[in-house]
Amino acid sequence: SLSPEQQQFARAFRAMQLESTLFAVCIVQIKPQLEALLNLPPDSLTKEIKLTQDLLSLFIDYQIPSDLISYDGRADASPEHKLARVHEHVAKMLTMIAQSRAREIDEAREQEKLRLAESNMTPYGPMPPPSPLAVLSFATPALGGTSQSRREAECLEAMPPMAPPSLGAPPPPAAPPPPPSPARKAAPRPAPGQVSTTAAAPLPPAAPKLHQTPFPRTREAPPTEPGDLTDYTRIPAVLDRRFEEIDEDAALRPTLLNPGDPWKKTAQKGLLSEPVTTTLGGKEQETEKNKAFDLLDALSRSGTLPIHHASLHVVLAATHCFDQTLIDTVIQGNVNPIEKVERSLMIMATTIHNRPAAELIAPDQQERFFSASPQLLKEPLQPPLPNGQE
């Protein structure tokens, strides 16, 4: 009763649901890949713990190209000579990074000194030191109108006279003071014979320029020939089709697999420190993902070097649902739930392993199983695994 448009929508929505039922985890062995990347013999970095940590730091934290630290000498050289050359290249890179860090620290100190020097300057030049009598007059508490006025007059008389203006052409009009900046307000110009006690507001401390993590680079997948890779994304659709054909009760359904929001990371900073478990939120997960892709980009030379020491784990899950409880299924429905669950397990096993059910069941259990599930006696559908791969 559905129109063609509704049927297309239902198929597309079902395909999007099945995409979330496939979960994969790839584990890459770092040391064998580092040896292939640096042109070192196998097992060269097995006992080089510090060198391995320095290499990971150069690749992850500083994005140093592998060509700068890999061995580029004679191919028939001894393993010790190759490893010593890599040690020299890594030491040069670490020295250069230390010098760059020291230069950044010196620049930050110079900026701080400049900020402190500018904070002691008024808009019209350095503030002259006040005379002792003027300081005394401002520090003395008021004892009355007449006494206070007399003390201020005595202080003004004790100050040295101002130099008279030179005769001749009248001085040019004074330029208007610059507008006050948000970080520092201009102090009013002191009148002749008075001392200004208003100091300029200090500028906020300048942030030193430190190392900034670059934006993650775009990675393009290398071109592959058709048939070279196994398309594991087709397995959920094959399983779903098998569920519809063999599962008479329609109790078996694909299960969506999604990682949780908070992740946990267990790591140790040094060889002698204890492992510490931290919780990673959204921003921390994005940072760790960028680090992982930067390291993968360096280990594979942006996809040109194949990774042989790796394993891909594909996880598929399905849920067998019962309409009633266990007691109601056995007593009211007069159904053996164990036979139903065994049939669901065998449907998934024959599809994933591409083997008939007779090869996956013990000989002494075949008669009992096939009497309850005779539909599994026929050959299973071919899954999307070329050449019988599992």
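When a residue number appears, it is its place in the shown sequence, counting from 1. Predicted model, so just to flag it, every value in this text is computed and none were measured.
- The number of heavy atoms from other shown groups lying within 6.0 Å of CZ (R109) does not exceed 12.
- The minimum heavy-atom distance linking L299 with L305 is given by the pair O-CD2, 3.5 Å.
- In this structure, H81 and Y71 have side chains that are in contact, with non-hydrogen atoms separated by less than 4.5 Å.
- Residue-environment remark: CG (D261) stays at or below the threshold of 12 foreign heavy atoms within 6.0 Å.
- Nearest heavy-atom pair, E48 versus T52, reported as atom, atom and distance to 0.1 Å: O-OG1, 2.6 Å.
- Within the model, atoms CD of E342 and CZ of F369 stand 6.5 Å from one another, a figure rounded to the nearest 0.5 Å.
- Remark: the backbone N or O of Q53 is not paired with any side-chain donor or acceptor of S57 at under 3.5 angstrom.
- Between the side chain of N39 and the backbone N or O of S70, no donor-acceptor pair lies under 3.5 Å.
- Heavy atoms only, all atoms of each residue included: K82 and A75 are closest at NZ-O, 3.1 Å.
- No more than 12 heavy-atom neighbours from other residues, nucleotides or ligands sit within 6.0 angstrom of CD on E274.
- Using a 4.0 Å cut-off between a side-chain N of Lys or Arg and a carboxylate O of Asp or Glu, K289 and E286 qualify as a salt bridge.
- In summary, the side chains of R14 and Q17 do present a donor paired with an acceptor at a separation below 3.5 Å, with no hydrogens or angles considered.
- Within a 6.0 Å radius of CG in D323, other residues, nucleotides and ligands contribute 12 heavy atoms or fewer.
- Using modelled atom types, one side-chain atom of Q63 and one backbone atom of I60 make a donor-acceptor pair closer than 3.5 Å.
- For the pair I97/L58, a side-chain contact is recorded, criterion being any heavy-atom separation below 4.5 Å from C-beta on.
- Within a 6.0 Å sphere centred on CG of D106, heavy atoms belonging to other residues, nucleotides or ligands number more than 12.
- Residues I30 and Q33 have side chains not in contact (no heavy-atom distance under 4.5 Å, counting atoms from C-beta outward).
- Distance check: F243 CZ to M348 CE gives 5.0 Å after rounding to the nearest 0.5 Å.
- Counting heavy atoms from C-beta on, the side chains of P254 and L239 never come closer than 4.5 Å.
- In this structure, L55 CG and I64 CD1 are separated by 11.5 Å, a value rounded to the nearest 0.5 Å.
- In this structure, E118 does not pair ionically with R115, as no charged nitrogen and carboxylate oxygen lie closer than 4.0 Å.
- Using modelled atom types, no side-chain atom of T319 and backbone atom of T255 make a donor-acceptor pair closer than 3.5 Å.
- Contact annotation: the side chain of F9 never approaches that of Q6 to less than 4.5 Å [non-hydrogen atoms, C-beta and beyond].
- Checking Q375, R343, R242 one by one against D247, the side-chain hydrogen bond (donor to acceptor under 3.5 Å, both in side chains) holds for a single residue, R343.
- The neighbour count for Q7 CD, taken as heavy atoms of other residues, nucleotides or ligands under 6.0 Å away, is above 12.
- Across every non-hydrogen atom of V335 and P337, the tightest pair is O-CD, 3.2 Å.
- At least one donor-acceptor pair under 3.5 Å links the side chain of E35 to the backbone N or O of D43.
- Distance check: L56 CG to K31 NZ gives 9.5 Å after rounding to the nearest 0.5 Å.
- Side-chain N or O atoms of Q8 include none that pairs as donor or acceptor with a backbone N or O of E5 at under 3.5 Å.
- T350 and I347 make their closest contact through OG1-O, 3.1 Å (heavy atoms, listed as atom of the first residue, atom of the second, distance).
- Atom CD1 of I27 has more than 12 neighbouring heavy atoms from other residues, nucleotides or ligands inside a 6.0 Å radius.
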